[in-house]
Protein chains: 2
Amino acid sequence: MLRLSKLTDYATVILSFMAKEKRRVCAAMEIAAATGIAVPTVSKILKLLVNAKVLMSTRGAKGGYMLAREPEAISVAAIISALEGPIALTECSISKQTCEQASGCGIRANWHLINQTIHNALESVTLADLVRPAPMPEEIHIPIASLYQ
Amino acid sequence: MLRLSKLTDYATVILSFMAKEKRRVCAAMEIAAATGIAVPTVSKILKLLVNAKVLMSTRGAKGGYMLAREPEAISVAAIISALEGPIALTECSISKQTCEQASGCGIRANWHLINQTIHNALESVTLADLVRPAPMPEEIHIPIASLYQ
DNA sequence: TTAAATAGGACTAAAATAGTCCGAAATTGA
DNA sequence: TCAATTTCGGACTATTTTAGTCCTATTTAA
């Protein structure tokens, strides 16, 4: 289904909450309470987002998490790759044997191009866009067909 | 990782093979031999592609599978949805409670737009594009590492 | 010093995916 | 008509991935 994991979905909810509270440091417990997601799960997601430098953390009493940058500078691609690793549709699991039989597998190169297109689409949408009420279609429209001529 | 399933990957290999043999009816066993994918697996994939009307089948001796239309008219989106169901990143697993708390979840509408964009990208690439030799090197060079620092 | 909070990793449970197999139905050709 | 071939449909098992939990160490504020 080409779908995102639940954790990624949760991450967008968490980050949307934090975008509205961006002046404040939020504790994991507070975020869990606000979003209705279980504390250990929230915790796990927050740690992943810190590793990906989407969030900053401060330890100790009065510690917590904060957006590492403005919502405008946090792309959906960054959020997804924080939770799921690099964005890539294929790992070219086509066996070498097959590729050799076909004497040069052109499919691989074309998949890469498709990946890149999708990545661009996700890169051009930010957390600010997700929080914003009205989307702006022309910003994320990508005419992939033009890449093939 | 936003990735396609192995079966979808296999499907592109199978369909690429068939695109080159489009004049001929191919039996499942023949395709398995040509691609190196196990017969039962090939069989399963072919059935799914028939259900999605990407392939046509004829039963009985001398039967087999054929592309239902020209490779130019078979989109990557059609192939993916045949194997994995509708293309959709999210199923909006954001709890209603959260949405209500936030008094109107704008995220949903924005995800829908992103889905649509990706769908358009996949719709505009066809089996013929996949089979076609790779585009110029500079077109397919992807500095992906730079996106992850 | 104590309480509050994150960091990191190990672990279990649940769900999705991959892969296999079988009996039934259809078609061809002898 | 009969036998061989091939798809059809579904059930089934095994594997992998994902989700979710928990524990201990470390850091910081008061």
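Numbers restart at 1 for each chain; the letters A, B, ... are given by sequence-line order, proteins then strands. Worth saying up front: this structure is predicted, and the values here are computed from it rather than measured.
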Side-chain heavy atoms of B:Leu49 within contact of B:Leu83, under 4.5 Å: yes
Let me know the distance between CZ of B:Arg3 and C1' of C:dA16, rounded to the nearest Å. 12 Å
Starting the side chain at C-beta, find the nucleotide from C:dG19, C:dG8, D:dA19 nearest to A:Lys47. C:dG8
Check the phosphate of D:dG20 against A:Tyr10, side-chain N and O only, distance under 4.0 Å to OP1 or OP2. Yes or no? yes
Applying side-chain hydrogen bond (donor to acceptor under 3.5 Å, both in side chains), which residue pairs with at least one partner in residues 66-79 of chain A are found, sequence neighbours left out? A:Lys22-A:Glu70, A:Ser75-A:Glu123
Rounded to whole angstroms, how far apart are CG on B:Asp9 and C1' on C:dT17? 14 Å
Roughly, in whole Å, what's the span from CZ in A:Arg59 to P in D:dT24? 17 Å
Between CD of A:Glu84 and C1' of D:dT16 the distance, given in whole Å, is 16 Å
Separation of D:dA19 atom C1' from A:Ile37 atom CD1, nearest Å, is 13 Å
Salt bridge (Lys or Arg N to Asp or Glu O under 4.0 Å) partners of residues 47-60 of chain B, not counting sequence neighbours, each pair once: none
Any Lys/Arg nitrogen of B:Asp9 or B:Lys6 sitting under 4.0 Å from an Asp/Glu carboxylate oxygen of the other? no
Extract all donor-acceptor atom pairs below 3.5 Å that involve side chains of residues 60-68 of chain A and protein atoms in other chains or at least two apart in sequence.
none

Mind calculating the distance between CD1 (B:Ile14) and P (C:dA18) to the nearest angstrom? 13 Å
Can you tell which of C:dA18, D:dG20, C:dA25 lies closest to the side chain of B:Leu7? C:dA18
List for me each residue that meets side-chain hydrogen bond (donor to acceptor under 3.5 Å, both in side chains) alongside B:Thr41, sequence neighbours excluded, and say none if there are none. none
Under-4.0 Å side-chain N/O to phosphate OP1/OP2 contact, B:Ser57 with D:dC8: yes
Comparing nearest nucleotides in DNA chain D, the 5'-proximal residue of the pair B:Cys26, A:Ser5 is B:Cys26
Which residues satisfy the side chain to side chain contact (heavy atoms under 4.5 Å, CB included) test with B:Ser5, sequence neighbours excluded? B:Leu7, B:Thr8, B:Glu84
Nearest whole Å is fine: how far is C:dA16 P from A:Leu4 CG? 15 Å
Please give the angle, rounded to 10 degrees, between the axes at the start and the end of the helix from C:dT1-D:dA30 to C:dA30-D:dT1, where five pairs define each axis. 20°
Residues in side chain to side chain contact (heavy atoms under 4.5 Å, CB included) with B:Ala52, at least two apart? B:Val54, B:Ala82
Measuring from atom NE2 of B:His119 to atom CD1 of A:Ile118, what distance do you get when rounded to the nearest 0.5 angstrom? 11.0 Å
Within residues 38-46 of chain A, those residues having any heavy atom closer than 4.0 Å to DNA chain D are A:Ala38, A:Pro40, A:Thr41, A:Lys44
A:Thr35 OG1 to A:Tyr10 OH distance, which is reported to the nearest 0.5 Å: 9.5 Å
Under the side-chain hydrogen bond (donor to acceptor under 3.5 Å, both in side chains) test, which residues partner B:Ser81, sequence neighbours left out? none
Side chain to side chain contact (heavy atoms under 4.5 Å, CB included) partners for A:Glu21, two or more places apart: A:Phe17, A:Arg23, A:Arg24, A:Cys26
So does A:Asn51 get a side-chain nitrogen or oxygen closer than 4.0 Å to the phosphate oxygens (OP1/OP2) of C:dG8? yes
Looking at residues 61-71 of chain A, who's got a heavy atom less than 4.0 Å off DNA chain C? A:Ala61, A:Gly63, A:Gly64, A:Tyr65
Whole angstrom value for the distance that separates P of D:dT7 from CG of B:Leu49: 13 Å
